[in-house]
*Asks:* 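Supplied in structure tokens, the structure appears directly below.
Letters A, B, ... mirror the listed sequences (proteins, then strands); counts begin at 1.
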Amino acid sequence: MCRLNCSAFRMANPVDLSTKTAITPRRDEDFPEWYQQVIRAAELAEPSDVRGCMVIRPWGYGIWENVQRQLDSMFRATGHRNAYFPLFIPLSYFAKEAEHVEGFAKECAVVTHTRLEVDAAGKMKPASPLTEPLVIRPTSETIIGASYAKWVQSYRDLPLLINQWANVVRWEMRPRLFLRTTEFLWQEGHTVHETEGEARAEAKLILDLYERFVRDHLAVPVFSGEKSESERFPGAVQTLSIEAMVQDRRAIQAGTSHFLGQNFARASGIQFQNRAGQQEFAWTTSWGVSARLVGTLLMAHGDDDGLVLPPRIAPTQIVILPVATKEESRPRIMEACDNLALQLRGKYFADLPLEVEVDRRDLGGGVKNWEWIKKGVPVRIEIGPRDLEKNSLVVSRRDQPVKTKGSMSIQEFVAVAPEILNSIQQNLLERAREFREVNTRKIDSKDEFYDFFTPKNSAKPEIHGGFAFAHWNGSREIEEQIKNDLKVTIRVIPLGDSEPGRCIFTGEPSARRVIWAKAY
RNA sequence: CGGGGCGUAGCUUAGCUUGGUAGAGCGCGUGGUUUGGGACCACGAGGUCGGAGGUUCAAAUCCUCUCGCCCCGACCA
């Protein structure tokens with residue numbers, strides 16, 4: 001709710017612009033509402049008339065395109081190739097893997113008719129039922145498996161490493177923009193291997209790739225590991241995931257990679273003749289990240305003035321704002337801005353030319369400036385008549401307070417622009433790391449655990465909790481219990497080094513600490 | 001799908017209890033004054049009050065039904 005817009009309030013209390021934030025409410029007032037307001041203010045997306053779906057606007061889509069471009073080159077570099085499989089899955093394909101069906105059945109959209117007719121009342125109604133209904137893919141294991149069954153004959157055909165960029169549909173009860181929508185954009189890799197070891201290695205390779213991508217490009221640190229049985233992908237033998245912490249201290253799954261064993265190979269008939277000349281079911285993996293990453297990014301870095309974008313993912317990295325206050329100086333200032341943009345576009349950051357935009361719209365300077373703040377552009381440059389006289393400009397960084405500005409010569413800025421972007425990139429990652437560190441702790445008693453995850457104010461819960469590293473006896477019952485009591489779940493069981501201890505709930509032996517948190 | 005709340009201009013909303021067919025702020029348009037800053041003044045456009053039925057001389061306001069949205073739960077990238 002925006003109190004500042006209330007007329008009575010306004011008359012009694014003129015808005016103090018020195019403390020007003022661009023986004024209302026602030027994060028500490030109402031985090032979910034803040035999230036929605038940032039999406040609107042930054043023009044990332046808006047809800048569509050179709051429940052659960054969203055319109056992704058150019059600024060939001062630009063971020064996704066950068067995710068695509070950068071991830072795609074990482075996939076290519078590891079030998080994966082893109083392909084495209086149909087949106088529609090025959091119902092019969094879908095029914096092949098029992099667990100898988102059970103996992104997705106409740107959220108499937110099903111196409112049953114092929115034509116519309118006008119009925120007696122003049123309304124359009126579906127006609128001509130299909131003999132076999134088509135499921136709109138909630139994920140593509142089954143339909144891709146059908147192709148793979150044909151393509152894979154021999155161990156010489158393996159490994160088969162394919163990715164597709166696609167939309168999928170999972171009918172959602174409670175949608176949230178970017179985080180959980182009925183239709184969403186993602187990437188799904190599907191690979192086939194000769195041996196169990198190779199397939200397991202592939203799943204891990206991609207997990208590490210995701211971790212690197214999210215850290216280096218989105219500036220979000222993650223914990224990675226294996227999912228507990230209850231959180232496993234339907235039909236998978238092992239599900240790996242990366243988990244980020246966002247600013248309300250909740251966890252968000254930012255990417256998953258599954259080792260599917262031979263389950264899907266068996267269901268789809270993916271067999272090959274092995275080196276010994278025998279028929280064998282292949283070993284498969286699947287893995288994906290979705291446009292949820294955009295929401296993750298927002299919640300990880302955004303502040304009370306809107307979005308804050310890491311330079312590596314920002315559609316525009318530097319925006320140049322001409323301060324053309326007097327008509328006569330306007331042409332010279334515009335020229336200087338264009339000239340600067342041209343020079344900057346010849347420079348590189350992270351192996352790509354700088355993305356620079358000159359905002360020449362005829363708008364009030366303040367309005368323009370705030371728009372770009374809300375959109376999270378990493379660097380804002382102002383050039384006015386006085387700067388031009390000194391051949392200088394004014395620089396603002398989005399990772400610093402709005403009022404913080406620096407002046408430097410145009411020439412110098414051109415030289416150091418990539419360094420500034422790099423510094424912002426590093427700074428955001430560092431900040432996110434510190435935040436996560438402060439809100440992560442080892443917990444060794446049940447009482448402390450419950451205390452950690454219980455808000456002080458139960459009526460209107462404040463931001464609380466975080467990540468807890470605690471010992472667990474490995475039982476599903478305890479997980480269930482904790483989930484019921486606190487809405488806290490095991491996010492991930494870290495891979496690698498063990499640290500024997502005792503389950504804090506039962507006192508039973510535990511091989512390692514697992515990571516607990518409230519999750520999106 | 002269960003429990004709670006809400007639908008009035010692009011956004012935020014006043015009015016509803018005690019019926020008399022709409023008012024504001026922001027945003028938008030035009031003109032002007034401004035300009036290192038989310039500026040100011042004037043004028044202006046924009047709403048059949050979610051939809052359908054009913055009560056009434058008269059409905060945003062009362063009644064019934066319906067649709068949609070939000071929050072809380074079960075499910076989830």
*Asks:* For A:Gly288, which contact category applies under a 4.0 Å heavy-atom criterion: base, sugar-phosphate, or nothing?
*Replies:*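 Contact class for A:Gly288: none.
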*Asks:* Counting Watson-Crick and G-U wobble pairs only, both distances under 3.5 Å, name the nucleotide matched with B:G2, or none.
*Replies:* B:C72
*Asks:* When you get a sec, tell me which of B:G73, B:A77, B:U12 is the closest nucleotide to the side chain of A:Arg40?
*Replies:* B:U12
*Asks:* Measure from the side chain of A:Arg386, starting at C-beta and using heavy atoms only, and say which of B:G36, B:G37, B:C75 lies closest.
*Replies:* B:G36
*Asks:* Phosphate oxygens OP1/OP2 of B:G73: is one of them under 4.0 Å from a side-chain N or O of A:Lys483?
*Replies:* no
*Asks:* Pairing donors with acceptors under 3.5 angstrom, does anything connect the side chains of A:Arg27 and A:Gln247?
*Replies:* yes
*Asks:* Which value, in whole Å, describes the distance between the P atoms of nucleotides B:U35 and B:G20?
*Replies:*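 Taking atom P in both B:U35 and B:G20, they lie 49 Å apart.
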*Asks:* Would you indicate what A:Glu172 reaches in the nucleic acid, counting non-hydrogen atoms under 4.0 angstrom: base, sugar-phosphate, or nothing?
*Replies:* base
*Asks:* What is the separation between atom CZ on A:Arg232 and atom P on B:A77, rounded to the nearest whole Å?
*Replies:* 14 Å
*Asks:* Does the side chain to side chain donor-acceptor pair (under 3.5 Å) test come out yes or no for A:Gln187 and A:Asn163, once each step is laid out?
*Replies:* CA-CA 7 Å; A:Gln187 145 286 301; A:Asn163 176 66; 3.1 Å; yes
*Asks:* With a 3.5 Å limit on both atom pairs, tell me what B:A22 is paired to, counting Watson-Crick and G-U wobble, or say none.
*Replies:*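 Looking at the geometry, B:A22 pairs with no nucleotide.
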*Asks:* Kindly write out the residues that satisfy side-chain hydrogen bond (donor to acceptor under 3.5 Å, both in side chains) with A:Glu99, not counting sequence neighbours, or none if the list is empty.
*Replies:* none
*Asks:* Using purine N1 to pyrimidine N3 plus N6-O4 or O6-N4 for Watson-Crick, or N1-O2 and O6-N3 for G-U wobble, each under 3.5 Å, what pairs with B:C28?
*Replies:* B:G44
*Asks:* Taking atom P of B:C76 as reference, at what distance in whole Å does atom CD of A:Glu243 sit?
*Replies:* 14 Å
*Asks:* Grab the CD-P distance between A:Gln36 and B:C71 for me, whole Å please.
*Replies:* 6 Å
*Asks:* If you only use heavy atoms from C-beta on, which nucleotide in B:A77, B:C75, B:G36 is closest to the side chain of A:Thr181?
*Replies:* B:A77
*Asks:* Verify whether one side chain among A:Thr139 and A:Arg137 offers a donor that lies under 3.5 Å from an acceptor in the other.
*Replies:*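 Absent: no donor and acceptor within the cut-off.
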*Asks:* Record whether the side chain of A:Arg180 comes under 3.5 Å of the base of B:C76 through a donor-acceptor pair of N or O atoms.
*Replies:* yes
*Asks:* Could A:Arg436 and A:Phe223 be counted as a cation-pi pair, given that NZ or CZ must be under 6.0 Å from the ring centre and within 45° of the axis?
*Replies:*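 Relative to the ring axis of A:Phe223, which defines the angle, A:Arg436 lies inside both limits.
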*Asks:* Does a salt bridge link A:Lys456 with A:Glu462, judged by any charged N lying under 4.0 Å from a carboxylate O?
*Replies:*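 Salt bridge between A:Lys456 and A:Glu462, a charged N being under 4.0 Å from a carboxylate O: no.
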*Asks:* Using the C1' atom on both, measure B:G50 against B:C67 and round to a whole Å.
*Replies:*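 These two C1' atoms come out 7 Å apart once rounded.
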*Asks:* Pick base, sugar-phosphate or nothing for A:Ala22, based on heavy-atom distances below 4.0 Å to the nucleic acid.
*Replies:* base
*Asks:* Taking the C1' atom in each of B:G27 and B:C69, what is the distance between them to the nearest angstrom?
*Replies:*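 It works out to 23 Å between them.
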*Asks:* I need the CZ-P distance between A:Arg380 and B:G38, as an integer number of Å.
*Replies:* 14 Å
*Asks:* In whole angstrom, give me the gap between the C1' atoms of B:U61 and B:G23.
*Replies:* 15 Å
*Asks:* Tell me what A:Val168 touches on the nucleic acid: a base, only sugar-phosphate, or nothing, going by heavy atoms under 4.0 Å.
*Replies:*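 Nothing: the residue A:Val168, judged by heavy atoms under 4.0 Å, touches no strand.
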*Asks:* From the set B:G73, B:G37, B:A39, return the single nucleotide nearest to any side-chain atom of A:Val323.
*Replies:* B:G37
*Asks:* Atom CZ of A:Phe104 to atom C1' of B:C76: distance rounded to whole Å?
*Replies:* 9 Å
*Asks:* How close or far is atom C1' of B:C72 from atom CZ of A:Arg176, stated in whole angstroms?
*Replies:*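 Distance, rounded to whole Å: 13 Å.
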*Asks:* Given the P atoms of B:C26 and B:A22, what is the spacing between them in whole Å?
*Replies:*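 Looking at atom P only, B:C26 and B:A22 are 23 Å apart.
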*Asks:* Measure NE2/A:His258 against P/B:C76 and give the value in whole Å, please.
*Replies:* 13 Å
*Asks:* Ignoring the backbone of A:Lys374, work out which of B:A77, B:G38, B:G37 is nearest its side chain.
*Replies:*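 Out of B:A77, B:G38, B:G37, the nucleotide with an atom closest to A:Lys374's side chain is B:G38.
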*Asks:* Give a yes or no on whether a salt bridge exists between A:Arg398 and A:Asp303, defined as a side-chain N under 4.0 angstrom from a carboxylate O.
*Replies:*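 Salt bridge: yes.
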*Asks:* Using atom P in both nucleotides, what's the gap between B:C16 and B:A58 to the nearest angstrom?
*Replies:*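 Pairwise P distance, B:C16 against B:A58, rounds to 22 Å.
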*Asks:* Sticking with atom P, work out how far B:U56 lies from B:G51, rounded to a whole angstrom.
*Replies:*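 Per the computed distance, 23 Å lies between those P atoms.
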*Asks:* Do any N or O atoms of the protein come closer than 3.5 Å to N or O atoms of nucleotides 43-45 of chain B, and which pairs are they?
*Replies:*
none

*Asks:* State whether the aromatic ring of A:Phe184 stacks on the base of B:A77, taking stacking to mean ring centres under 5.5 Å apart and ring planes under 30° to each other.
*Replies:*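 Yes, aromatic ring over the base.
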*Asks:* Among B:G73, B:C75, B:G38, which nucleotide sits nearest the side chain of A:Trp370?
*Replies:*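 Closest of the options to the side chain of A:Trp370: B:G38.
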*Asks:* In this structure, is the centre-to-centre distance between the rings of A:His100 and A:Phe264 below 6.0 Å?
*Replies:* yes
*Asks:* May I ask you to say what A:Leu179 touches in the nucleic acid, namely base, sugar-phosphate or nothing, with a heavy-atom cut-off under 4.0 Å?
*Replies:* base
*Asks:* Among the candidates B:G37, B:C76, B:A39, find the nucleotide nearest to the side-chain atoms of A:Glu107.
*Replies:* B:C76
*Asks:* Would you kindly check whether a donor in the side chain of A:Glu382 faces an acceptor in the base of B:G37, or vice versa, at under 3.5 angstrom?
*Replies:*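 In this structure, the two groups form a donor-acceptor pair.
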*Asks:* When the C1' atoms of B:G7 and B:A14 are compared, how many Å lie between them, rounded to an integer?
*Replies:*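 Going atom to atom, C1' in each nucleotide, I get 15 Å.
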*Asks:* Please pick, from B:C75, B:G36, B:A77, the nucleotide with the shortest atom-to-atom distance to any side-chain atom of A:Pro385.
*Replies:*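 Closest nucleotide to the A:Pro385 side chain: B:G36.
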*Asks:* Between CD of A:Glu335 and CG of A:Leu340, what distance do you get to the nearest 0.5 Å?
*Replies:* 12.5 Å
*Asks:* Which of these passes salt bridge (Lys or Arg N to Asp or Glu O under 4.0 Å) with A:Glu243: A:Arg491, A:Arg250, A:Lys518?
*Replies:*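 Between A:Glu243 and the candidates, salt bridge (Lys or Arg N to Asp or Glu O under 4.0 Å) is satisfied uniquely by A:Arg491.
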